[in-house]
Amino acid sequence: MSDEAQLKALRNRIDSIDEKILELISERALCAQTVAQVKQKALPEGEKAVFYRPEREAWVLKHIMELNQGPLDNEEMARLFREIMSACLALEEPLKVAYLGPEGTFTQAAALKHFGHSVISVPMAAIDEIFREVAAGAVQFGVVPVENSTEGAINHTLDSFLEHDMVICGEVELRIHHHLLVGENTKTDKISRVYSHAQSLAQCRKWLDAHYPNVERVAVASNADAAKRVKGEWNSAAIAGDMACELYGLSKIAEKIEDRPDNSTRFLIIGNQKVPPTGDDKTSVIVSMRNKPGALHHLLEPFHTNGIDLTRIETRPSRSGKWTYVFFIDFIGHQHDPLIKDVLEKINDESVALKVLGSYPKAVL
Ligand SMILES: O=C(O)C(=O)C[C@]1(C(=O)O)C=C[C@@H](O)C=C1
């Protein structure tokens, strides 16, 4: 067979596979629509069903990854199914998700990675506004950054948890790659100013010291905001990611300039919905302790004696008294697991206050 004939035969095969995929995706979407009807039917008149089910989504994605035999890798395959589920959920109920804007931020990328592209993503100007928007019911969920592997905790987010009653329903981790971006009119040999979010400037500190030691570093509200600013200026550059670069039509003069190649940010999904156990969960709590010797030791002891994995502990001023602190603790397990229930009871006895922020599936993607 000639190369041309072989190509034609292969394309015919791809066409018929696509037709089958189309049929199967449509069948799946119809199923999801029926699931929505069943969920609604089970409830009394006037009560609204919960369509988004993070525990089920985590299971579906993991199941696909277990079954996958290649040649596409697990992450790639799960991403495709992530989008199919996102579209199916949008048929049941279009979700509105608030994120730290403007468009093109890493938080938007995290929202789309977690929920897929069929959600309506709504940009907010500040972290606190995301909490307020969710609390007011204007959106069902919010996405907020909580920690970066290079720079540590995002204190605005932690402090917002002290002020709002919010449930954590999920987490998402994003590899953060920063680029040095310029606009069409930028004179690249005359750059005298670099805009970015303070966290991103910090994540690229060594690179900037080595390549642009005398350039002014200007912290702005977000990386996307930085990208927007350089468009109209001839002597400035921005540090931002791929989404902002594309959205604002900039070009990269240096790629992946973050000081640590494994630079990642963890984001939390906040809402009002408690998530049932999946068998592979995390729980986040806030604990405030009496200011006495050994307080932290007493707090951590039940985790140690029960062999529970702590994944993070962060301290913040409590805001209710000078030199008093609260601890943000993340650990493996679900608040409904009998062992975790026991531990939480012990901690409750030892502490001034214990607030469970939520149990949620560990990030799959
Ligand atoms: O299983 C459900 O409850 C569904 O609504 C179906 C489905 C899916 O497409 O697989 C869609 C949305 C939910 O968040 C979880 C799963």
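Both ligands and their constituent atoms are indexed starting at 1 by order of listing. FYI, side chains are in, hydrogens and waters are out, and symmetry mates aren't considered; it's all heavy atoms of this structure.
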**OP:** Give a yes or no on this: more than 12 heavy atoms of other residues, nucleotides or ligands lie within 6.0 Å of atom NZ of K228.
**Re:** no

Subject >> Residues K20 and E23 bridged, charged N to O under 4.0 Å >> reply: no

Original post:
Considering only heavy atoms, which protein residues lie less than 4.0 Å from any atom of ligand 1?
Top reply: R28, V35, K39, F51, Y52, R53, R56, E57, M85, C88, L89, E92

**OP:** Please determine if D15 and R11 form a salt bridge, counting it only when a charged side-chain N lies under 4.0 Å from a carboxylate O.
**Re:** no

Original post:
What do you reckon, is NZ of K341 surrounded by more than 12 foreign heavy atoms closer than 6.0 Å?
Top reply: no

Original post:
What pair of heavy atoms forms the shortest contact from V326 to F328, and how long is it?
Top reply: CG2-CE1, 4.0 Å

**OP:** Would you confirm whether the ring centroid of F106 sits within less than 6.0 angstrom of the ring centroid of F267?
**Re:** no

